[in-house]
Amino acid sequence: MGAPVDAILAWFAREGRALPWRESGASPWGILVSEVMLQQTPVSRVLPLWTAWMERWPTPGALAGATQADAVRAWGRLGYPRRAQRLWECAVAIEERFSGRVPSDQATLRDLPGIGEYTAAAVVAFAFGRRAVVLDTNVRRVLARIVAGTAAPAPHLTGAERALAAEVVPLDSATAATWNVAAMELGALVCTSRAPRCDACPASKWCRWLAQGRPVAASRRVASPWAGSDRQVRGRILALLRAASSPINVAGSSSLQDVEPGQLDRCIEGLVSDGLIHVSSAERGTHEL
DNA sequence: CACCCGTGGCC
DNA sequence: TGGCCAAGGGT
């Protein structure tokens with residue numbers, strides 16, 4: 001896949017967005033923070049928060065010196081607040097184990113809280129300019145279409161997919177890093193899930209999916225309903241506690257009266273068990289971050 | 001491996 | 001209008 005790779009690299013040089021974590025001055029920590037914030041979250045919502053976060057906590061040591069509650073509160077409504085909790089834990093681990101230096105080894109990164117296969121590879125490539133196989137949902141979709149000729153990748157990452165992706169990544173370190181971000185960018189801007197802009201795609205000449213007339217994707221698994229879900233209730237509880245300056249009686253809160261007591265108790269217990277909220281020692285029956 | 005975990009915007 | 005989607009990770 002040499003020609004399409006070159007075409008996508010050239011396209012990225014022209015059309016790639018200038019995002020702050022892509023600037024040459026961005027630190028490995030700043031890049032790691034951006035990768036965690038971008039997990040399942042659009043760039044547009046990450047941008048303002050990342051800037052404020054990095055201004056407040058520019059290094060792992062700075063974040064490690066704050067409290068988990070500070071981190072969860074600053075995370076605001078970015079979503080999946082456990083990412084904030086784990087990012088804080090990650091900062092503490094980097095400070096304690098590596099004297100505040102973000103490790104450059106992929107397996108070492110993978111062992112840090114909140115850092116999985118994708119994020120470890122992304123930090124290796126984008127923060128340290130080393131060759132890595134970065135396989136996010138964008139790269140998977142781009143490869144599925146161009147190479148496999150299917151509208152969407154399989155539900156879960158397969159070994160064959162990893163092998164194919166590894167074959168495509170250029171051997172040279174710097175080019176490999178650029179390829180990874182370019183493929184992600186193509187998936188984000190052109191080869192999108194919903195309405196791909198094949199007329200603007202630098203790889204359309206080689207795309208098997210386009211050549212086959214863009215066959216539709218196999219039906220996806222149905223998502224569980226959102227309204228009334230535990231996730232929604234947990235989100236409401238956390239929103240309440242983020243805004244509070246003192247412990248709150250969550251179970252008796254007027255703003256949660258519409259939630260069935262059994263579900264409310266279950267969600268409170270779950271959040272406590274997750275370590276996202278804590279029983280307050282100040283007053284019986286109250287909680288805080 | 002299947003399932004759970006937030007949030008907001010878009011067509 | 002509501003189902004779908006967005007640079008996944010943990011259990």
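The chains referred to below are lettered A, B, ... by the order of the sequence lines, with proteins before strands, and numbering in each begins at 1.
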Pairs under 3.5 Å (N/O, protein and nucleotides 9-11 of chain C):
unit_1	atom_1	unit_2	atom_2	d
C:dG9	OP1	A:Gly116	N	2.9
C:dG9	OP1	A:Thr119	N	3.0
C:dG9	OP1	A:Thr119	OG1	2.5
C:dG9	OP2	A:Tyr118	N	3.3
C:dG10	OP1	A:Gly114	N	2.8

Report yes if a donor N or O on one partner sits less than 3.5 Å from an acceptor N or O on the other, where the partners are the side chain of [X] and the base of [N]; otherwise report no.
{"X": "A:Thr137", "N": "C:dG8", "answer": "no"}
{"X": "A:Arg194", "N": "C:dC4", "answer": "yes"}
{"X": "A:Arg45", "N": "B:dT7", "answer": "yes"}

Indicate, with a heavy-atom threshold strictly under 4.0 Å, whether [X] touches base, sugar-phosphate, or nothing.
{"X": "A:Arg242", "answer": "sugar-phosphate"}
{"X": "A:Ser193", "answer": "sugar-phosphate"}
{"X": "A:Leu19", "answer": "base"}
{"X": "A:Ala223", "answer": "nothing"}
{"X": "A:Trp21", "answer": "base"}
{"X": "A:Pro42", "answer": "base"}

Could you give the [atom1]-to-[atom2] distance, from [X] to [N], as a whole number of Å?
{"X": "A:Leu189", "N": "C:dC5", "atom1": "CG", "atom2": "P", "value": "18 Å"}
{"X": "A:His156", "N": "B:dC3", "atom1": "NE2", "atom2": "P", "value": "12 Å"}
{"X": "A:Gln40", "N": "C:dA7", "atom1": "CD", "atom2": "P", "value": "8 Å"}
{"X": "A:Leu78", "N": "C:dG8", "atom1": "CG", "atom2": "P", "value": "13 Å"}
{"X": "A:Gln85", "N": "C:dG8", "atom1": "CD", "atom2": "P", "value": "20 Å"}
{"X": "A:Glu185", "N": "C:dA7", "atom1": "CD", "atom2": "P", "value": "10 Å"}
{"X": "A:Trp226", "N": "C:dC5", "atom1": "CH2", "atom2": "P", "value": "17 Å"}
{"X": "A:Gln232", "N": "B:dC5", "atom1": "CD", "atom2": "P", "value": "12 Å"}

[X] side, atom [atom1]; [Y] side, atom [atom2] - distance, nearest 0.5 Å:
{"X": "A:Arg83", "Y": "A:Leu78", "atom1": "CZ", "atom2": "CG", "result": "5.0 Å"}
{"X": "A:Trp75", "Y": "A:Tyr80", "atom1": "CH2", "atom2": "OH", "result": "12.5 Å"}
{"X": "A:Trp50", "Y": "A:Glu55", "atom1": "CH2", "atom2": "CD", "result": "10.5 Å"}
{"X": "A:Gln263", "Y": "A:Arg234", "atom1": "CD", "atom2": "CZ", "result": "11.5 Å"}

Quiz item: Would you say A:Arg77 reaches B:dG8's phosphate, i.e. side-chain N/O to OP1/OP2 under 4.0 Å?
Solution: yes
Quiz item: Counting just side-chain N and O atoms, does A:Arg141 come under 4.0 Å of either OP1 or OP2 of C:dA6?
Solution: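 For C:dA6, OP1 or OP2 has a side-chain N or O of A:Arg141 closer than 4.0 Å.
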Quiz prompt | ILVMFWY network linking A:Phe126 to A:Ile8, side-chain heavy atoms under 4.5 angstrom | solution = yes
Self-check item: Under 3.5 Å donor-acceptor, A:Arg141 side chain and A:Pro153 backbone
Solution: no
Quiz prompt | Any residue meeting salt bridge (charged side-chain N to carboxylate O under 4.0 Å, His left out) with A:Arg266, in chain and number order, not counting sequence neighbours | solution = A:Asp230
Quiz prompt | Distance, C1' atom - from B:dG6 to C:dC5, rounded to whole angstrom | solution = 14 Å
Self-check item: C1' spacing across the pair C:dA7 / B:dC3, given as an integer number of angstrom
Solution: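 It comes out at 22 Å once rounded to the nearest Å.
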Practice problem: With side chain to side chain contact (heavy atoms under 4.5 Å, CB included) as the test, would you mind laying out the steps for A:Tyr118 and A:Glu35 before giving the verdict? | Solution: CA-CA 9 Å; A:Tyr118 160 76; A:Glu35 291 302 337; 2.6 Å; yes
